[in-house]
Amino acid sequence: MMILRISQAAREDILRSAQWYDAQPSRYGSAFLDEVEQALKEMTTNPQLHPPVEDGIQGFEIREYFIERFQQRVIFLVRDREMIVISVVHASRREGSWHRHIDKRDK
């Protein structure tokens, strides 16, 4: 099994999204958090089942888990036996918007 780390930037993305969903009439913040939790479990079981990102960075193994219900991309870096969640962004965001979250030293 992989060791899972969640970057501070990704934690902030998750919190911001949950707060946004809670502010909507449907109040789906907790449902969103449940989906993220499920995504993390599935990702750590076998990260290679999830596709490489199309807007990746050369030299990094970066993959994504797509949360269909909320149209959110959980973007993660795979390195040795470690998986680092870099960002959680809505699919409507421009490609590469999450690049600022990656530490170039994580290569």
Side-chain angles (χ1 to χ4, degrees):
M1 174 140 328
M2 301 290 283
I3 296 168
L4 173 66
R5 282 191 350 191
I6 303 173
S7 72
Q8 185 60 38
R11 289 177 193 280
E12 291 168 10
D13 290 343
I14 294 165
L15 180 59
R16 232 183 342 268
S17 292
Q19 289 171 338
W20 187 86
Y21 287 118
D22 265 344
Q24 304 309 304
S26 54
R27 297 200 174 284
Y28 283 130
S30 63
F32 170 73
L33 292 174
D34 290 345
E35 292 276 347
V36 169
E37 187 175 328
Q38 183 61 38
L40 297 175
K41 286 179 188 173
E42 290 182 30
M43 289 162 38
T44 55
T45 302
N46 190 348
Q48 278 66 37
L49 286 178
H50 306 287
V53 294
E54 292 181 11
D55 55 342
I57 299 173
Q58 182 92 18
F60 289 88
E61 182 181 352
I62 302 174
R63 298 178 174 273
E64 74 178 89
Y65 182 103
F66 188 65
I67 300 175
E68 184 93 28
R69 179 178 179 189
F70 292 99
Q71 300 293 295
Q72 295 273 352
R73 300 170 65 201
V74 180
I75 299 171
F76 61 98
L77 170 70
V78 178
R79 184 184 61 203
D80 300 321
R81 303 288 309 151
E82 184 177 46
M83 208 177 82
I84 305 166
V85 178
I86 299 167
S87 187
V88 179
V89 296
H90 195 273
S92 66
R93 300 278 307 270
R94 69 175 173 77
E95 286 191 3
S97 64
W98 55 269
H99 284 192
R100 69 188 186 289
H101 292 244
I102 192 161
D103 186 338
K104 303 294 187 205
R105 295 170 297 181
D106 279 332
K107 203 169 199 176

Please name all residues satisfying side-chain hydrogen bond (donor to acceptor under 3.5 Å, both in side chains) with Glu61, sequence neighbours left out, ordered by chain then number. Gln48, Arg63
If you measure from CD on Glu35 to CZ on Arg69, what distance do you get to the nearest 0.5 Å? 5.5 Å
Ile14, Met83: one ILVMFWY side-chain cluster at the under-4.5 Å cut-off? yes
Does Ile3 belong to the same Ile/Leu/Val/Met/Phe/Trp/Tyr cluster as Leu77, with side-chain heavy atoms less than 4.5 Å apart forming each link? no
dist Ile84:CD1 -> Arg5:CZ (nearest 0.5 Å) comes out at 4.0 Å
Within this structure, what is the OG-CD1 distance for the pair Ser87 and Ile6, rounded to the nearest 0.5 Å? 12.5 Å
Does atom OH (Tyr28) have a neighbourhood of more than 12 heavy atoms from anything else shown, all under 6.0 Å? no
Spell out, yes or no, whether Val36 and Val85 are grouped together once hydrophobic residues are joined by side-chain heavy atoms under 4.5 Å, including indirect joins. yes
Side chains of Val78 and Met2: does their closest heavy-atom pair fall under 4.5 Å? yes
Just do the side chain to side chain contact (heavy atoms under 4.5 Å, CB included) check on Val88 and Phe70 with the steps written out, would you? CA-CA 11 Å; Val88 179; Phe70 292 99; over 6 Å; no
Any chance you could lay out the side chain to side chain contact (heavy atoms under 4.5 Å, CB included) test for Gln72 and Phe66, step after step, and finish with the verdict? CA-CA 6 Å; Gln72 295 273 352; Phe66 188 65; over 6 Å; no
Nearest-0.5 Å distance that lies between atom CD in Gln19 and atom CZ in Arg16: 9.0 Å
Output the distance between atom OG1 (Thr45) and atom CG (Leu40), rounded to the nearest 0.5 Å. 10.5 Å
Just how far is it from atom CZ of Phe32 to atom CG of Asp22, taken to the nearest 0.5 Å? 11.0 Å
So which pairs with a foot in residues 36-56 pass ring-ring contact (aromatic ring centres under 6.0 Å, His included), sequence neighbours left out? His50-Tyr65
Same apolar cluster: Val53 and Phe60, side chain cutoff 4.5 Å: yes
Ile67 reachable from Met43 in the ILVMFWY side-chain graph, under 4.5 Å edges: yes
